[in-house]
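First comes the structure, then the notes that go with it.
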Amino acid sequence: MGSSLIFPVPGNPGAGDRLSRWIGRWRNGGVENYSAGEGLDSSLRWGSGSRFTVNRERIWLDALPSAFHGLRVVQISDIHHGLFLPKEWLSDAVRQANRLNPDIIALTGDFVTYSRRNIEPAAELLGRLRARYGVYAVLGNHDFRVDAEAVTLALRRQQIDVLRNRHVTLRFGGESMHLAGVDDYGYGADLRRAMRGVPRDAATVLLAHNPRVIHLASRHGVSLILSGHTHGGQVNLPLLGTVYGRSPERLRYKIGWDRMGTTQIYVSRGIGTIVLPWRLRCPAEITHLELLQGASAVSRPVAAD
Ligand SMILES: [Fe+2]
């Protein structure tokens with residue numbers, strides 16, 4: 001299940017040295033970087049023009065062809081458009097993402113929460129996203145509960161490529177990498193189908209709403225997974241920890257960068273909320289990933305702004 005795209009990728013200056021990457025990650029508690037002042041919900045930064053925290057992260061991939069070195073991927077997850085995330089906020093997210101000048105935009109599911117009425121307005125706003133080589137999406141559990149077909153059609157009408165258990169091949173300078181996507185973990189995720197025809201040693205970025213797919217993805221040789229779903233816990237109480245995503249299975253792959261074997265994962269905190277319209281010590285996030293060719297032992301967070 002795949003199609004092919006051909007595009008040029010701009011060059012990017014070199015990767016940092018291995019030691020400083022290890023130190024940077026160690027300093028950040030082994031998870032990811034948080035800038036000062038992030039303890040409060042960044043969505044409360046009225047009038048700043050930057051409603052959401054932009055988390056910048058460099059990801060080294062062994063298999064990434066040098067032609068793709070420096071590829072900028074902007075990820076927006078768990079929008080949950082509706083009562084708790086109104087149109088104005090989604091417009092802000094779109095503007096912020098576009099300002100990052102992305103090569104690729106990855107939307108990792110849960111566009112809506114409960115209501116079909118939010119599907120079209122969300123898709124219309126997301127249709128304003130601009131990325132040099134395309135905007136790609138996968139569906140989340142809430143999208144399936146509301147109406148997966150309606151969400152898919154609405155996004156596709158906006159030229160957003162919804163990857164439902166399939167992949168596209170990106171080609172440049174005689175080299176290629178693969179961008180795959182699966183349906184939500186509990187609603188028909190079929191990684192085998194999505195990866196059909198992808199060589200095992202190829203560079204592959206997988207969009208998957210639920211990070212639980214990592215067990216399967218690591219067996220398929222996926223290089224990097226971009227996920228959401230956990231909201232990073234959404235409410236992170238002092239001493240008690242996060243309210244959401246506390247099950248043992250979710251504890252590890254709940255937030256930020258991690259890996260299983262040679263498969264790396266980045267779990268976004270997302271921009272929306274569920275149940276409660278607020279976050280605590282877990283700010284809403286737009287992710288700016290820079291993919292670099294090199295040893296994948298670590299990831300180095302760059303900064304959050
Ligand atoms: Fe979800």
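Remember, it's 1-based here, ligands and their atoms both numbered in the order they're listed.
- Among residues at least two apart or in separate chains, salt bridge (Lys or Arg N to Asp or Glu O under 4.0 Å) pairs with a member in residues 114-124 are R116-D147, E120-R157.
- Between H69 and Q293, the shortest heavy-atom distance links the atoms ND1-N, 2.9 Å.
- Protein-derived N/O/S atoms nearer than 2.8 Å to the Fe ion (ligand 1) total 4, waters excluded.
- Donor-acceptor pairing under 3.5 Å is recorded for the side chains of H178 and T169.
- A donor-acceptor contact closer than 3.5 angstrom is absent between the side chains of E57 and W257.
- Side-chain contact check for N101 and R130: no donor-acceptor pair (N or O, by modelled atom type) lies under 3.5 Å.
- N55 and H288 share no donor-acceptor pair across their side chains, judged by distance under 3.5 Å alone.
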